[in-house]
Amino acid sequence: MLDFTEDNNRFLYRAVAVFIDAERVLLHQFEGDEFWALPGGRVEHGESALDTVVREMKEELSIDIVDAQPVWAADNFFHYLDRNCHEMGVYFKVRASSDSYIYSERQFEGIENETPLTFRWFEIDELDSIRLLPNFLTKSLANLPEGMRYVCHRDDV
């Protein structure tokens with residue numbers, strides 16, 4: 001994985017899935033975390049960000065991605081688990097097949113490296129009421145850009 005730690009600093013390269021369906025967005029939460037995030041995972045050496053999103057959704061949700069369009073390339077800076085983190089994220093608006101179980105369930109479970117994940121659909125207009133990271137997404141998910149945009153963002157976790 002493209003994930004490096006030096007002293008108290010960590011860099012990671014992450015590919016992210018943005019599922020939007022009928023004015024709602026799919027988020028996930030790791031067991032023990034107090035915030036929600038978009039699903040995704042770390043890019044492997046020699047793997048494209050798009051291939052990572054497809055692989056991660058297959059691993060975490062057992063679904064196939066049928067369409068993916070890039071929306072953001074984001075430098076995210078945050079503090080997490082006593083480390084200063086710099087995450088380079090590539091965000092893709094994605095779709096699974098229309099008959100996929102994920103669209104009919106409000107909440108369901110997944111797994112990431114043996115850590116339980118909770119997936120839940122949230123109405124886009126209710127994102128202000130939850131802790132979503134990176135927090136630029138709270139407003140940006142309501143207005144996805146046409147084409148890819150660059151974002152530089154700083155959060156505290």
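- N8 places a side-chain N or O within donor-acceptor distance of the main-chain N or O of D82, the cut-off being under 3.5 Å.
- Taking the side chain as every heavy atom from C-beta outward, M57 and F19 approach each other to under 4.5 Å.
- Counting only heavy atoms from C-beta outward, the side chains of F136 and V151 approach each other to under 4.5 Å.
- A distance of 9.5 Å separates CZ in F92 from CD in Q69, rounded to the nearest 0.5 Å.
- Counted by atom type alone, T52 and E47 present one or more donor-acceptor pairs between their side chains at under 3.5 Å.
- Cluster membership check: L141 does not share its hydrophobic cluster with Y103, using side-chain heavy-atom separations under 4.5 Å among Ile, Leu, Val, Met, Phe, Trp and Tyr.
- For S100 (side chain) and A96 (main-chain N/O), no donor-acceptor pair under 3.5 Å exists by modelled atom type.
- V43 has its side chain out of reach of D51: every pair of non-hydrogen atoms, C-beta onward, lies at least 4.5 Å apart.
- For the pair E60 and K58, the minimum side-chain heavy-atom distance is 4.5 Å or more.
- When all heavy atoms of A17 and V94 are compared, the pair lying nearest together is CB-CG2, 3.7 Å.
- Of the candidates E87, R154, R14, N76 forms a side-chain hydrogen bond (donor to acceptor under 3.5 Å, both in side chains) with just one, namely E87.
- Side-chain polar atoms of H153 and D75 form no donor-acceptor pair below 3.5 angstrom.
- A heavy-atom distance below 4.5 Å is not found between the side chains of H86 and L12.
- Hydrophobic clustering (ILVMFWY, side-chain heavy atoms < 4.5 Å, transitive): I65 and L27 are in distinct clusters.
- Remark: T138 OG1 to R131 CZ distance equals 10.5 Å, nearest 0.5 Å.
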Practice task
For the pair F11 and T5, evaluate side-chain contact (heavy atoms from CB on, under 4.5 Å) and give the outcome as yes or no after the intermediate values.
Solution key: CA-CA 6 Å; F11 173 83; T5 301; over 6 Å; no

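- Counting all heavy atoms, side chain and backbone alike, L38 lies closest to L26 at CD2-O, 3.7 Å.
- One distance of note links CH2 of W121 with OG of S104; it measures 10.0 Å at 0.5 Å rounding.
- I102 and I63 get closest at one heavy-atom pair: CD1-CD1, 3.9 Å.
- More than 12 heavy atoms of other shown residues, nucleotides or ligands fall within 6.0 angstrom of atom CD in Q107.
- Residues I20 and L132 fall within the same hydrophobic cluster, defined by Ile, Leu, Val, Met, Phe, Trp and Tyr side chains chained together at heavy-atom separations under 4.5 Å.
- By the 4.5 Å heavy-atom criterion applied to side chains, V16 and V90 are not counted as neighbours.
- Each of V25 and L61 belongs to its own hydrophobic cluster when Ile, Leu, Val, Met, Phe, Trp and Tyr are linked at side-chain heavy-atom distances under 4.5 angstrom.
- Taking the six-membered ring where tryptophan is involved, the planes of F108 and F119 are essentially parallel, since the angle between them stays under 30° and well short of 60°.
- Summarising the geometry of I111 relative to P116, their closest heavy-atom pair is CD1-N, 4.1 Å, with the distance given to 0.1 Å.
- With W72 contributing its side chain and P145 its backbone, the two residues share no donor-acceptor pair below 3.5 Å.
- Checked for salt-bridge contact, R95 and D21 miss the test: no charged N lies under 4.0 Å from a carboxylate O.
- In this structure, R10 CZ and H79 NE2 are separated by 12.5 Å, a value rounded to the nearest 0.5 Å.
- A distance-only check finds no donor-acceptor pair linking the side chain of Y91 to the backbone of M148 [under 3.5 Å].
- Side-chain contact check for I130 versus F35: every heavy-atom pair is 4.5 Å or farther apart.
- Summarising the local packing, CZ of R83 is surrounded by 12 or fewer heavy atoms from other residues, nucleotides or ligands at distances under 6.0 Å.
- Criterion: ILVMFWY side-chain heavy atoms under 4.5 Å apart, direct or through other members. Under it, L2 and V54 are part of a common hydrophobic cluster.
- By the neighbour-count criterion of 12 heavy atoms within 6.0 Å, atom CD of E126 is densely surrounded, having more than that number from other residues, nucleotides or ligands.
- Side chains of Y80 and D155: a donor-acceptor N/O pair is absent below 3.5 angstrom, by distance only.
- Once rounded to the nearest 0.5 Å, the distance linking CG of D3 with CD of E44 reads 10.0 Å.
- A distance of 5.5 Å separates CG in L144 from NZ in K93, rounded to the nearest 0.5 Å.
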Problem - Candidate pair C152 and F77, rule side-chain contact (heavy atoms from CB on, under 4.5 Å), full reasoning - result: CA-CA 8 Å; C152 183; F77 297 90; 3.8 Å; yes

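- Side-chain contact between W36 and R120: present, with at least one pair of heavy atoms (C-beta onward) separated by less than 4.5 Å.
- The shortest non-hydrogen separation linking R42 to R55 is O-NH2, 3.1 Å.
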Practice task
Decide side-chain contact (heavy atoms from CB on, under 4.5 Å) for Q29 and E34; before the verdict, give the C-alpha distance in whole Å, the side-chain angles of both, and the deciding distance to 0.1 Å.
Solution key: CA-CA 8 Å; Q29 184 179 57; E34 297 178 1; 5.6 Å; no

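- When all heavy atoms are compared, the tightest approach of A15 to V53 is CB-CG2, 3.5 Å.
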